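Here is the structure we will look at.
Note that the structure is predicted; figures quoted are calculated from it, not measured. Scope of the values below: all heavy atoms of this structure, side chains included, with no hydrogens, waters or symmetry mates.
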Amino acid sequence: MAESFDGDWLDLREPYDAAARNPELAAMLAASLPARPRLLDLGAGTGSLLRWLGHFIGRAQSWTLVDSDAELISRAFDTIAERAEAVDWPVTQPGRSAMLVHAPHGAWRIEAILADLAAAPANLPLERVDAVVSTALCDLVSSGWVEAMAAACAARRLPFYAALNVTGRERFTPPHPADALVARGFRRDQARDKGFGGASLGPQAPAVMAEAFAAHGYTIHRAPSDWVVDRRARAFTRAIADGHGMAAIGWERRGAEAILDWLETRRDQADAGQLAVRIGHQDFLALPPAR
């Protein structure tokens, strides 16, 4: 079973994801899609990509959310409905498994599939969609997973969009003597097997995806999508520091004391509104060759 994520963490990061994703790549994807596109969102979590990308598509559209966590899928439907109703977009449920958000420029139909993405693409309904999309997924997967996905998408000429892949560039401000040690441990943790059939790609993800899809004739587009988190975001900077420190300490046992000092310092700085963070990401879009 592939790893999953806590819903509260996904909610906390959503506004920073939205600010970071590259709008030019989103517009390119939207322009490549048919009049009423059908999108398959891998590792959809609480539905944050739908809430952001749906506006770029700007017309009637259908989404199938895929996640291995039934609680996250339920939370996604609730959150989508709440956000829609907050801006006076009516929400209806034409069936037990579908929801319609009546946006001004066409309805958004939303369904979900409970599936382990470690088995993808074999367990995905690629024959019923017009594009495959994801957020913060492809740096967790293996090279074999990417190659299989590229081949499956190419067989049906499906665009593939993957937002917010880590690049390995992080900066915590102000600096700390253990920054390099924490970064090394965190990078080692990024490379461990996350349940996708091999070592995780981590910062190699954009390059591996580019090679895999280009081999099938795809045109590749990549653009920066860094998180830029200022000192006012106390809860988020603390959560980022916690994630880096706790991951690093599992791999740098000899440096545990230094990492614990780093973690305590960063928590104090975050709580005092003194910590800023920049996490490097890159968005990726592969468009199939013209027929």
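Around the CD atom of Glu257, the shell of radius 6.0 Å holds no more than 12 heavy atoms that belong to other residues, nucleotides or ligands. Annotation for Arg171: atom CZ does not count as buried by contact number, only 12 or fewer foreign heavy atoms lying within 6.0 Å.
Using a distance-only test at 3.5 Å, with no hydrogens or angles considered, no donor-acceptor pair links the side chain of Arg222 to the main chain of Asp283. Using modelled atom types, no side-chain atom of Arg21 and backbone atom of Ser225 make a donor-acceptor pair closer than 3.5 Å. In this structure, Asp116 contributes its side chain and Ala119 its backbone to no donor-acceptor pair below 3.5 Å. A donor-acceptor pair under 3.5 Å links the side-chain atoms of Asp139 to the main chain of Val166, judged by distance alone.
Glu14 has a carboxylate O that lies under 4.0 Å from a charged side-chain N of Arg83, or vice versa, which qualifies the two as a salt bridge. At a threshold of 4.0 Å, the pair Arg75-Glu82 does not count as salt-bridged, since none of the basic side-chain nitrogens sits closer than that to a carboxylate oxygen. One finds a salt bridge joining Arg184 and Glu252 here, because a Lys/Arg side-chain nitrogen approaches an Asp/Glu carboxylate oxygen to under 4.0 Å.
A centroid separation of 6.0 Å or more is found between the aromatic rings of Tyr161 and Phe284.
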For this session: Please assess Trp63 against Gln61 for the test side-chain hydrogen bond (donor to acceptor under 3.5 Å, both in side chains), listing each intermediate value before the final yes or no.
Result: CA-CA 7 Å; Trp63 286 74; Gln61 55 197 273; 2.8 Å; yes
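Using a 3.5 Å distance cut-off with no hydrogens or angles, the side chains of His281 and Thr167 do not pair a donor with an acceptor. Asp189 and Trp251 are linked by a side-chain donor-acceptor pair at a separation below 3.5 angstrom, with hydrogens and angles left out of the test. If you check the side chains of Arg231 and Gln274, you find no donor sitting under 3.5 Å from an acceptor.
The salt bridge (charged side-chain N to carboxylate O under 4.0 Å, His left out) pairs that include a residue from residues 258-270 are Asp179-Arg266, Asp242-Arg267, where partners are two or more places apart or lie in different chains.
For the residue pair Arg59 and Ala30, the shortest heavy atom distance occurs at NH2-O, 3.0 Å.
Note: Leu137 CG to Asp67 CG = 9.5 Å, rounded to the nearest 0.5 Å.
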